[in-house]
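The structure appears right after this line, and notes come after that.
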Number of protein chains: 2
Amino acid sequence: MRREGSAASPGVAAPEGVPSAGRSLRADAARNREVLLEAASAAFSERGAEVPLEDVARRAGVGIGTLYRHFPTREALVEAVFRHEVEVLVQSADELLATLPPEQALKQWMQLFVGHVATKRGMLAVLRPILVDNPRFSGETKGLVTEAATKILRAGIAAGSVRADVDGADLLRAVSGICMSTDEGNQEAANRLVGLLFDGLRRSPE
Amino acid sequence: MRREGSAASPGVAAPEGVPSAGRSLRADAARNREVLLEAASAAFSERGAEVPLEDVARRAGVGIGTLYRHFPTREALVEAVFRHEVEVLVQSADELLATLPPEQALKQWMQLFVGHVATKRGMLAVLRPILVDNPRFSGETKGLVTEAATKILRAGIAAGSVRADVDGADLLRAVSGICMSTDEGNQEAANRLVGLLFDGLRRSPE
DNA sequence: TATTATACGGAGGCTACCTCCGTTTAGCAA
DNA sequence: TTGCTAAACGGAGGTAGCCTCCGTATAATA
């Protein structure tokens, strides 16, 4: 954020290390990467995306050099955190469906979504330019989340407990609309609204 | 941009010194303020809004202390530059109308607009949050510019050289649309498109 | 167990931020 | 003109965050 150039067009590096691509990380490296992502996520949501990276490293219990090796710029870190959270959100759809009746899974997932958005508030100032400059990346993200929403919704519809005339994109629009119109502090308001929305989504007993 | 808090909600200070409000600045202060605004404008458009403020001060030929006295935060400076440029753009509408036939005034003003947007590109990363967080401010700005556009358009319509079925808001939408869809380097492309638009605005001889 | 590619960590140099206060000057009154 | 003073100037210097570099540690492999 200091030196010029980095802000211009970050470029969205290929998903680093862990999942696929190239040679996988050494065990300690993979561990540290994970720990860093979690520390960064917490730090960003508590103190905004301008939090000193040395604090993030300290919080993760690793040296600053390690942080920079994994994430050479603040943007790279922010992006990785975002990507990671999206992955978690998407995966949790499957997990919820595997352990709960579809209706409950839907409700919980909606609330998870609200939580994730709230967490990402602090990152927004840095995240927005990244998303704006990389329509492909933001498109993929949206696609993944929509897919998850669709899946969980379909399960409810199939079980007969959710009305059939909404799709994943609708659900996303509605929930993110609620998040957008709810500011900073009151996540509870958002949750209340999401509760209302959820009631509206259930198949009305007729 | 470093310390926390400032990024949160800058708050758009009352237009500092010069025009109305409070006691007016001492001559040297007013001069320096002006020089600083120009230096900042140039620096931002050349090197982006992250340019070191010491460079801006040096470029303006004043001490860093003077810069900070006038503009206590980077956001304040960016905002003042923006405000200043808008003023210039709005005033130039009157000046053009006073010295050129309405049709020519319109054309030149449209090109001026393109130039101003191009200049502000570098500031965007800092400017956007300010505008987003202060709908009133951005609303006023839009109002002023729309007003100027309307005035210059009406003059053309009255003179019979411009078609009568567009208003200021339309003009703005069209021109800023062109600016948005044209990227970084090629201001000439934008100017060409604006030329096309201008031809379309003239009253077709029938 | 020995070897080595990989990763760690943090000291330190660099740069930008921004305050503080001694110096300068515009504006005014006599 | 001269003297006075509130206002403004300017930049040295303290503070803090960025990021590189390289000696040390360790996981992976044979």
Side-chain angles (χ1 to χ4, degrees), chain A residues 1-8 10 13 16-18 21-37 39-40 43-44 46-78 80 122 125-126, chain B residues 1-8 10 13 16-18 21-37 39-40 43-44 47-78 80 125-126:
Chain A
M1 173 128 292
R2 186 65 37 69
R3 304 281 178 288
E4 19 182 332
S6 77
E16 199 168 332
V18 179
R23 183 158 63 278
S24 71
L25 294 175
R26 222 172 73 174
D28 50 352
R31 209 179 316 126
N32 279 338
R33 188 175 192 281
E34 208 67 15
V35 172
L36 275 167
L37 283 177
F44 289 155
E46 280 172 27
R47 309 182 43 198
E50 300 291 351
V51 66
L53 294 184
E54 330 237 31
D55 285 7
V56 173
R58 192 169 14 253
R59 183 168 195 152
V62 307
I64 185 65
T66 299
L67 185 152
Y68 274 99
R69 193 167 329 98
H70 283 285
F71 309 102
T73 66
R74 185 180 293 273
E75 282 74 28
L77 179 56
V78 167
V126 174
Chain B
M1 173 124 294
R2 186 65 40 69
R3 305 281 178 288
E4 22 185 328
S6 77
E16 201 170 328
V18 180
R23 184 159 63 276
S24 72
L25 294 175
R26 223 171 73 172
D28 51 350
R31 210 178 317 126
N32 279 339
R33 189 176 191 280
E34 208 68 13
V35 173
L36 275 168
L37 283 177
F44 290 155
R47 309 181 45 196
E50 300 291 350
V51 66
L53 294 185
E54 330 236 31
D55 285 6
V56 173
R58 193 170 13 254
R59 183 167 195 152
V62 306
I64 185 65
T66 300
L67 185 152
Y68 274 98
R69 195 167 327 100
H70 283 286
F71 310 102
T73 65
R74 184 181 293 275
E75 283 74 27
L77 179 56
V78 167
V126 174

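By convention in this document, chain letters (A, B, ...) are assigned in the order of the sequence lines, proteins followed by strands, and residues within each chain are numbered from 1. Atoms considered below: every heavy atom in the structure, side chains included; atoms not considered: hydrogens, waters and symmetry mates.
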Each nucleotide of nucleotides 22-30 of chain D classed B (base within 4.0 Å of a protein heavy atom), S (only sugar-phosphate) or -, in 5' to 3' order, makes ----BSS--
Set of side chain to side chain donor-acceptor pair (under 3.5 Å) partners for [X], sequence neighbours left out:
X: Glu54(B); result: none
X: Arg31(A); result: none
X: Asp55(B); result: Arg47(B), Arg58(B)

Rounded at 0.5 Å granularity, tell me how far CG in Asn32(B) sits from CG in Leu25(B).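 Answer for the CG-CG pair, Asn32(B) versus Leu25(B), is 10.0 Å.
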Please round to the nearest 0.5 Å and tell me the distance separating atom OG1 of Thr66(A) and atom CZ of Phe71(A).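 One gets 11.0 Å once the value is rounded to the nearest 0.5 Å.
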The criterion is side chain to side chain contact (heavy atoms under 4.5 Å, CB included); which residues satisfy it with Ala40(B), sequence neighbours excluded?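 With neighbours one apart ignored, the set is Phe44(B), Val56(B), Leu77(B), Val81(B).
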With sequence neighbours left out, what residues match Ala125(A) under side chain to side chain contact (heavy atoms under 4.5 Å, CB included)? none
Over all heavy atoms of both residues, which pair between [X] and [Y] is shortest? Give the atoms and the distance, please.
X: Ala43(B); Y: Val51(B); value: CB-CG1, 4.1 Å
X: Ala80(A); Y: Arg33(A); value: CB-NH2, 4.3 Å
X: Leu36(B); Y: Val62(B); value: CD2-CG2, 3.8 Å

Residues touching DNA chain D, which here means a heavy atom under 4.0 Å, drawn from residues 53-60 of chain B: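 Hits under 4.0 Å, by residue number: none.
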Can you find a side chain N or O atom of Thr66(B) that sits less than 4.0 Å from OP1 or OP2 on dG10(D)? yes
Under 4.0 Å from OP1 or OP2 of dA7(C): is there any side-chain N or O of Asn32(A) that close?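 Asn32(A) to dA7(C) OP1/OP2: no side-chain N or O under 4.0 Å.
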For the pair made of [atom1] in [X] and [atom2] in [N], what is the distance, rounded to whole Å?
X: Leu67(B); N: dG11(D); atom1: CG; atom2: C1'; result: 13 Å
X: Phe71(B); N: dC17(C); atom1: CZ; atom2: P; result: 15 Å
X: Glu50(B); N: dC18(D); atom1: CD; atom2: P; result: 12 Å
X: Ile64(B); N: dT15(C); atom1: CD1; atom2: P; result: 16 Å
X: Tyr68(A); N: dC8(C); atom1: OH; atom2: P; result: 16 Å
X: His70(A); N: dA7(C); atom1: NE2; atom2: C1'; result: 8 Å

Please confirm whether the backbone N or O of Ala29(A) pairs with a side-chain atom of Arg69(A), one donor and one acceptor, at under 3.5 Å?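 No; judged by distance alone, with no hydrogens or angles, the pair does not exist.
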Extract from the structure each pairing of a protein N or O with an N or O of nucleotides 1-3 of chain C at less than 3.5 Å, listing the distance.
none

